[in-house]
Structure formats: structure tokens, C-alpha cells
Amino acid sequence: MSRTRAALLGCGRYPYAVSREDSSHHMRSAKDFFAPLAVGAPTPVTEVPARPSRMIHFFDPSNPKMAAKVPDMVGVSDVLLGNLEDAVVADKKEAAREGLVTIAKETDFGEHTQLWTRINSLDSPWVLDDLTRLVTEVGDTLDVIMVPKVQGPEDIHYIDRILAQLEAKGGVQRPILVHAILETARGMANVEEIAGASPRMQGISLGPADLAADRRMKTTRVGGGHPGYLVRQDPAKGADGAPDYQGERPVFQQDLWHYTIARMVDACAMHGIFPFYGPFGDIKDTVACEDQFRNAFLLGCVGAWSLHPVQIEIAKKVFSPSAEDVAHARRVKEAMPDGRGAVMIDGKMEDDASWKQCMVVLELAERLSANDPELAKMYEEA
Ligand SMILES: CCC(=O)SCCNC(=O)CCNC(=O)[C@H](O)C(C)(C)COP(=O)(O)OP(=O)(O)OC[C@H]1O[C@@H](n2cnc3c(N)ncnc32)[C@H](O)[C@@H]1OP(=O)(O)O
Ligand SMILES: O=CC(=O)O
Ligand SMILES: [Mg+2]
């Protein structure tokens, strides 16, 4: 804040006055960042556990058919998420919440499948009961709470404190982590602060549907590309040497979500949390779904949402490194065991930096294959 503006606002204590532009007022001191926010709450984690989360499979706990499928999806989906927010109609909100409590109590999720929920938005009439009921009843079974329509770090601070209070009340043994959906323009502008707002932050998902609406983008699709978002090749020259504007000109479709995903990935990487692509609404278009997921994977995302059982397999395929990439990474590691220097492999230069790229692939492959014998076999044979 300028001196003049501080004087005009009547805060003569400049430079100590805290302005809205100064983000430091959002932060707790570094020393107490990892202290519990309520007496009796579990100690926050200092590092987010890197559990396989290639797909976050959504189900509606108020839908008996979907609920009945949950036990069979344990071990199939890395994450099962009981959705309470959008897609669950208002008169089913309580049934969905109670359905999720029952599922959490009655299902053995084993070692490899996590249980998440997506609560209603913070301004809704349901969210307080969502949190109170779930955390005190099944808090030890819930791994992550997904918070929709997060606008800024203040939303995470609210969730952080109330979770600590409820964990203490319910005797929850380990902290429940928090995942934010990036689906408002303000959330987008604050994405770095959201990512670093609490030690509970596990990750962020892109929510392309709500984000498109909030930004007033003119697409009615749920994620994926758009044929109208393109660049066109220059016109060829006609017989007279002038541009032939009527001739055929190839067009190249561009990625509508490139900026958003890339920025989200940077915010997450900077804070040691995990980025995810969100929903792909065209369930029947499994090819384009795979393309969208792969774009996100290549840019750094660790997983995507699955809205229908058919999308689980797509995510598994895309978010597990390919056998070819694993084989290449191993060759680089063998050629440069300590990751230093420069070598040629198949006519390509490899050095300290490309060695690190290879380590990213190998570490992910190792982590995933520890839970998945089929994948382990594929990598072994690669
Ligand atoms: C866009 C912004 C967002 O917030 S996205 C996140 C919110 N939306 C959701 O969670 C949607 C979840 N998915 C669904 O509601 C359904 O999959 C939709 C898209 C409506 C399609 O359902 P439906 O027409 O029944 O598909 P289908 O006939 O091919 O289903 C075959 C069998 O599979 C079941 N199924 C369907 N989806 C799920 C699911 N997500 N989890 C578990 N089971 C699912 C169906 O019930 C059907 O079962 P059955 O064979 O009849 O016993
Ligand atoms: O919640 C997800 C979205 O795309 O909106
Ligand atoms: Mg949404």
C-alpha cells in the first residue's frame, strides 16, 4: 500500500499496516504451521503421502445401484469418492450423506483403495452437516475431503480449523487431508495461495465445467477440447501471387485447458501437493477422454476423475508410465548410475537433468507396481 493510500485510509502505521494486497496476513507463522488447530486434533502431516491416485472414481451414495457396486470397485479404483455435491439433487443430499456413512462403515477398503468424499460448497445449507456427520462418524476411514468452488486460501483455512475441531471431537487418529477443486476465476487467480494454505492440502483438481461457466467461456462441454479453438494455416498464394483466401487451409485444434492445467501443476509442484485433471463428460468418447487424460499426465498431473466405470481403465492406462518409457529410464539409470555427466543413448544426449526426468518415471512406476502385480510384470518384462 502506498504511503498516500495508507494516509487516506487513515492507517498511519505504515509500513506495519497490513494491506489486502499483502498476502502475508493469510499465513500462520512457519513455526506453528504444523501445529494442530484444535486441542486433541491429530498432528498435521509434513509431507503428503504419495499414494497411487490415478483415478478418483465418483459415485452417488444415494443411488442404490452405484452404492451396490462400491465393494466390487475396491482394489479396482485407486480412489473411490462418495459425491455429495453437484449431480446429487437437493432432496437426495441427506440420503447421499447417510449412504456414505453406511458405506464407509460397512466396506473394507483394503490397503490400496482410498475413500474420499466431495462435500457440498461452503455457502450451501448442507456443508456443515456433511462435515460434522462424516468426520465424527467415519473420520478414520476418510482419507481426503474434496472441497468444491474454492475461492481462496480463506476457504481452506476455514476447512482446516473446523476439521481439527471435528477430528478432536470424534477422536480421529490421523489428519484428514483436503483437496480443492479449481473451478472459479478467483480460485484460479489464487491457485498458488490455495495450494500452500494448509499442511492438509493433498492436491487440486481442475473443474472445467464450473470454471468455464464462471469465466464465461463459451463452451457447453464438460472438459476436453473444442473444434472451434484452433489456429489456421496461412492461405497459399493463388496464380496471381496474391493469397488465395478461398483455398483449402489446414486447421490445428488447440488445447483449451493448457494454460489452466499448466498453472495448476506449477502451483501444486511448488507446494509439494498433487495436481489432477477433473471430469470428462463425453462418456462414450473413450478416445478423446484418453487424449485429455494424457495431455494432463504429460503436463504433470497424477490422475483424473472417473465418472463412469469405463473411465477407470482409461485412467489406469494413461496415468501409469508406459513400458517403453520405463525401459528407457532404466537404460539411462544404468548408463549414469550416479546421475552425473553426459552420455549418448540411441543418438540422444542424456545428462543430469534428463536423468532426473527418468527418475520421475521410475519412481512412479515403482510406486504403482508395488500395488499392482500386472503392472509390475509389464515393467519387469519391459
Ligand atoms: C461436471 C461437473 C462435475 O461435478 S462431474 C462429477 C459429478 N458427476 C457425477 O458424479 C456423475 C457420475 N456418473 C453418473 O451419474 C453416471 O455414470 C451417468 C453419467 C449418469 C451415466 O449413468 P448410466 O446412464 O446409468 O450409465 P450406464 O447405463 O452405462 O451404467 C452402467 C452400469 O454402471 C453403473 N454406473 C454408472 N456410473 C457409475 C459410477 N459412477 N459408479 C458406479 N456405477 C456406475 C450404472 O448404475 C449401471 O448399473 P447396472 O448395470 O444398471 O446395475
Ligand atoms: O466439478 C467439476 C466441474 O468441472 O465443475
Ligand atoms: Mg464443479
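For reference, positions follow the sequence shown, starting with 1. Both counts, for ligands and for their atoms, begin at 1 and track the order of listing.
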among protein heavy atoms, the one nearest atom 27 (P) of ligand 1 is H308 NE2, 3.4 Å
Looking at [atom], is any protein heavy atom nearer than 4.0 Å to it?
atom: atom 25 (O) of ligand 1; answer: no
atom: atom 10 (O) of ligand 1; answer: yes
atom: atom 18 (C) of ligand 1; answer: no
atom: atom 39 (C) of ligand 1; answer: yes
atom: atom 22 (O) of ligand 1; answer: no

Min over E183, M73, R118, M66 of heavy-atom distance to atom 7 (C) of ligand 1 lands on R118
* For atom 43 (N) of ligand 1, which candidate among K284, K69, Q311, E85 holds the nearest heavy atom? ->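 Answer by nearest heavy atom: K69.
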Under 4.0 Å to a heavy atom of [X] - the qualifying atoms of ligand 1, by number:
X: L307; answer: 5 (S), 6 (C), 12 (C), 13 (N), 14 (C), 17 (O), 37 (N), 39 (C), 40 (N)
X: K65; answer: 46 (O), 51 (O), 52 (O)
X: A87; answer: 7 (C), 8 (N), 9 (C)
X: A209; answer: 1 (C)
X: H57; answer: 39 (C), 40 (N), 41 (N), 42 (C)
X: N83; answer: 7 (C), 10 (O)
X: D86; answer: 7 (C)

Is a side-chain donor-acceptor pair under 3.5 Å present for [Y] with [X]?
X: N83; Y: D60; result: no
X: H57; Y: S77; result: no
X: T132; Y: R97; result: no
X: Q114; Y: W116; result: yes

Inset, instruction - Determine, using heavy atoms of V222 and all atoms of ligand 1, whether some pair is separated by less than 4.0 Å. - result: yes
Check contact between P309 and ligand 1, using heavy atoms of the residue and a distance below 4.0 angstrom.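 Contact present.
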Quiz item: Would you say Q357 and W355 make side-chain contact, with heavy atoms under 4.5 Å?
Solution: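 In short, these two side chains do not touch, never coming nearer than 4.5 Å.
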*asked:* Test side chain to side chain contact (heavy atoms under 4.5 Å, CB included) on I56 and S205; report intermediate values, then the result.
replied: CA-CA 10 Å; I56 303 168; S205 284; 4.3 Å; yes
Note: [X]-[Y] ion pair, threshold 4.0 Å (strictly below):
X: D143; Y: R174; value: yes
X: E334; Y: R330; value: no
X: E350; Y: K356; value: no
X: D346; Y: K348; value: no
X: E192; Y: R263; value: yes
X: K377; Y: E381; value: yes
X: D160; Y: R200; value: yes
X: K149; Y: D86; value: yes

Can you give me the closest heavy-atom contact between P279 and P208, atom names plus distance?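 Heavy-atom minimum between the residues: CD-CD, 3.3 Å.
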Can you check whether R216's main-chain N or O pairs, donor with acceptor, with K218's side chain at less than 3.5 Å? yes
Check: P250 main-chain N/O paired with Q233 side-chain donor or acceptor under 3.5 Å:
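No.
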### Query
Which protein N, O or S atoms lie under 2.8 Å from the Mg ion (ligand 3)?
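Near the Mg ion (ligand 3), the protein supplies E183 OE1, D210 OD2.
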So CD1 of I261 and CG of L206: to nearest 0.5 Å the spacing works out to 5.5 Å
Counting only non-hydrogen atoms and a 4.0 Å cut-off, the residues near ligand 2 are R118, E183, G207, P208, A209, D210, P279, W305
